[in-house]
**Q** 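Right, I'll just put the structure down here and ask away after.
Remember, it's a predicted structure, so these values are computed and weren't measured experimentally. Values below: all heavy atoms of this structure, side chains included; hydrogens, waters and symmetry mates excluded. Note that ligands are numbered from 1 as they come in the structure, with each ligand's atoms numbered from 1 the same way.
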Amino acid sequence: MPKVGIIMGSDSDLKVMGKAAETLEAFGVDYEMHIISAHREADVLVEYCQKAADRGIRVLITGAGLAAALPGMCAALFPLPVIGVPLKGGALNGQDALYSIVQMPPGVPVATVGIDGAKNAALLAVRMLAVSDGTLLEKLKAFAAEQKEQVIAKDARLAEVGYQNY
Ligand code: RP5
């Protein structure tokens, strides 16, 4: 079974990156989760990324804050898709991480989601795996239908109780 790797630079990233894990669990996607710092233990990151594909990891979800080097370094070392999650925190509130992660040089792509967008990162990983997995594709269709029903229900409630009592 294909597996997703969730990597984050610090345990201070765990609260947000946990949403990626929750989302993968909801879709029944196998994953592993690690704290590996690109700046503080570059050698560990290199070893992890160089072996990940051979161990069955098909997509890496990578979250980091501040001068976020982790997603870009993963994309340099891991040959399959890397999704970057810029994390809020520090004086620039995640904009530093966003710019760092999204502005990759040509040839080394990172699919960057929004600041703290761990849930979307996981959904994107599920979509990538669903390219060759019909069961996951059906789950994604069901997820989209469920989201639609939730909005319809909210609209019906608004019509029923009015905005003051919503
Ligand atoms: C980044 O620095 C991490 O991804 C984290 O978002 C940020 C702060 O790390 P800690 O000082 O909390 O370990 O590398």
**Q** For ligand 1, note which part of Asp13 has a heavy atom under 4.0 Å away: side chain, backbone, both or neither.
**A** side chain
**Q** Can you check whether Phe143 and Phe27 have ring centres sitting under 6.0 Å from each other?
**A** yes
**Q** Write out the residue and atom name of the closest protein heavy atom to atom 12 (O) of ligand 1, then the distance separating them to 0.1 Å.
**A** Ser12 OG, 2.7 Å
**Q** What residue and heavy atom of the protein are closest to atom 10 (P) of ligand 1, and at what distance?
**A** Ser10 OG, 3.4 Å
**Q** Taking all atoms of both residues into account, what is the closest heavy-atom pair of Leu70 and Ile36, and its distance?
**A** CD1-O, 3.6 Å
**Q** Do Glu160 and Arg157 sit within salt-bridge range, that is, some charged N less than 4.0 Å from a carboxylate O?
**A** no
**Q** Are there more than 12 heavy atoms of other residues, nucleotides or ligands under 6.0 Å from atom CD of Glu47?
**A** no
**Q** Could you check atom 14 (O) of ligand 1 against the protein and tell me its nearest heavy-atom contact, residue, atom and distance included?
**A** Gly65 O, 4.2 Å
**Q** What part of Arg40, side chain, backbone, both or neither, has a heavy atom within less than 4.0 angstrom of ligand 1?
**A** side chain
**Q** Pick one: which of Leu14, Ile7, Leu24 meets side chain to side chain contact (heavy atoms under 4.5 Å, CB included) with Met33?
**A** Leu14
**Q** Going by heavy atoms, is Leu66 under 4.0 Å from ligand 1?
**A** yes
**Q** Going by the order shown, which atoms of ligand 1 are within less than 4.0 Å of some heavy atom of Ala64?
**A** 4 (O)
**Q** Take a 6.0 Å sphere around NZ of Lys119 and say whether it holds more than 12 heavy atoms from other residues, nucleotides or ligands.
**A** no
